[in-house]
A.B. asks: 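Take this structure first; my questions come after.
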Amino acid sequence: VQLQASGGGLVQAGGSLRLSCAASGRTFSGLVMGWFRQAPGKEREFVATISWAGTRKDYADSVKGRFTTSRDNAKNTVYLQMNKLKPEDTAVYYCAADANSVSGAITTRANAYDYWGQGTQVTVSS
């Protein structure tokens, strides 16, 4: 599975960005997808996850109410809509795919994801 993330950039605090992650190489509807981020000097952390059909989602507490993940299985793409951005959201954002989920169960654990994209930089200025 190849994952290509895009949509990052520089935005002022309070602004919005939408990240996209295009997948190829495997049936997309069989992949649980996740978003993670890593800020300078910090460990990679979970942001959001979405099940096969998009019916189940989970978010980190720090982004609940501001970020929304969705997917379009016809386009093999998962999205992360980020609103009300804060300077502390500044990080490299990664999409990831879990190809071995049992019954499409979502997970927040990074080590459950088998494939990772290259990351896209999000910078939020104050």
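Just so it is clear, the model here is predicted, and its values are computed rather than measured.
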A.B. asks: I'd like to check the salt bridge (charged side-chain N to carboxylate O under 4.0 Å, His left out) partners of Lys75; sequence neighbours left out, ordered by chain and number.
C.D. replies: none
A.B. asks: Kindly state each residue pair satisfying disulfide bond (SG atoms under 2.5 Å apart) with at least one member in residues 50-118, sequence neighbours excluded.
C.D. replies: Cys21-Cys95
A.B. asks: Compare every heavy atom of Arg109 with every heavy atom of Asn111, then report the nearest pair and how far apart it is.
C.D. replies: OD1-NH1, 2.8 Å
A.B. asks: Could you give me the CA-CA distance, side-chain angles and deciding distance for Tyr79 and Arg71, then say whether side-chain contact (heavy atoms from CB on, under 4.5 Å) is met?
C.D. replies: CA-CA 6 Å; Tyr79 304 98; Arg71 65 192 294 161; 5.7 Å; no
A.B. asks: Who passes ring pair (Phe, Tyr, Trp, His ring centres under 6.0 Å) against Trp52, sequence neighbours left out?
C.D. replies: none
A.B. asks: Other members of the hydrophobic cluster containing Val11, with the 4.5 Å side-chain heavy-atom rule, please.
C.D. replies: Val1, Leu3, Leu17, Leu19, Phe28, Leu31, Met33, Trp35, Val47, Ile50, Tyr59, Val63, Phe67, Val78, Leu80, Met82, Leu85, Tyr93, Tyr115, Val122, Val124
A.B. asks: Taking all heavy atoms of Ser126 and all of Pro87, pick out the closest pair and write down the distance.
C.D. replies: CB-CG, 3.8 Å
A.B. asks: Evaluate the criterion side chain to side chain donor-acceptor pair (under 3.5 Å) for residue pair Thr49 and Tyr113; output intermediate values, then yes/no.
C.D. replies: CA-CA 11 Å; Thr49 181; Tyr113 290 85; 2.9 Å; yes
A.B. asks: Strictly by salt bridge (Lys or Arg N to Asp or Glu O under 4.0 Å), give each pair with a member in residues 113-124 just once, sequence neighbours left out.
C.D. replies: none
A.B. asks: So which pairs with a foot in residues 42-80 pass disulfide bond (SG atoms under 2.5 Å apart), sequence neighbours left out?
C.D. replies: none
A.B. asks: State, to 0.1 Å, how close Asn73 and Ala53 come at their nearest heavy-atom pair, and which atoms those are.
C.D. replies: ND2-CA, 4.4 Å
A.B. asks: Would you confirm whether Ser103, through its side chain, and Ala105, through its main-chain N or O, come within 3.5 Å as a donor-acceptor pair?
C.D. replies: no
A.B. asks: Please name all residues satisfying salt bridge (charged side-chain N to carboxylate O under 4.0 Å, His left out) with Arg26, sequence neighbours left out, ordered by chain then number.
C.D. replies: none
A.B. asks: How many angstroms lie between atom NZ of Lys64 and atom CG of Asp58, to the nearest 0.5 angstrom?
C.D. replies: 6.0 Å
A.B. asks: Just jot down the side-chain contact (heavy atoms from CB on, under 4.5 Å) partners of Ser6, sequence neighbours excluded, or say none.
C.D. replies: Ser20
A.B. asks: Give the minimum heavy-atom separation between Ala112 and Thr107, together with the two atoms involved.
C.D. replies: CB-CG2, 3.5 Å
A.B. asks: If I take atom CD1 from residue Ile106 and atom OG from residue Ser51, how far apart are they, to the nearest 0.5 angstrom?
C.D. replies: 6.5 Å
A.B. asks: Can you check whether Ala91's main-chain N or O pairs, donor with acceptor, with Gln38's side chain at less than 3.5 Å?
C.D. replies: no
A.B. asks: Going by disulfide bond (SG atoms under 2.5 Å apart), name the pairs with one or both residues in residues 36-85, residues two or more places apart or in two chains.
C.D. replies: none
A.B. asks: Might you work through the side-chain contact (heavy atoms from CB on, under 4.5 Å) test for Arg37 and Glu45, ending with a clear yes or no?
C.D. replies: CA-CA 5 Å; Arg37 67 186 181 186; Glu45 65 174 358; 2.6 Å; yes
A.B. asks: Sequence neighbours left out, what passes side-chain contact (heavy atoms from CB on, under 4.5 Å) with Lys86? Give chain and number order.
C.D. replies: Arg66, Glu88, Asp89
A.B. asks: List the residues meeting side-chain contact (heavy atoms from CB on, under 4.5 Å) with Gln121, not counting sequence neighbours, and say none if there are none.
C.D. replies: Thr90, Val92, Thr123
A.B. asks: Verify the neighbour count for atom NZ of Lys84: are there more than 12 heavy atoms of other residues, nucleotides or ligands below 6.0 Å?
C.D. replies: no
A.B. asks: Sequence neighbours left out, what passes ring pair (Phe, Tyr, Trp, His ring centres under 6.0 Å) with Phe46? Give chain and number order.
C.D. replies: Phe36
A.B. asks: With rounding to the nearest 0.5 Å, note down the distance linking OG1 in Thr68 to CZ in Arg18.
C.D. replies: 11.5 Å
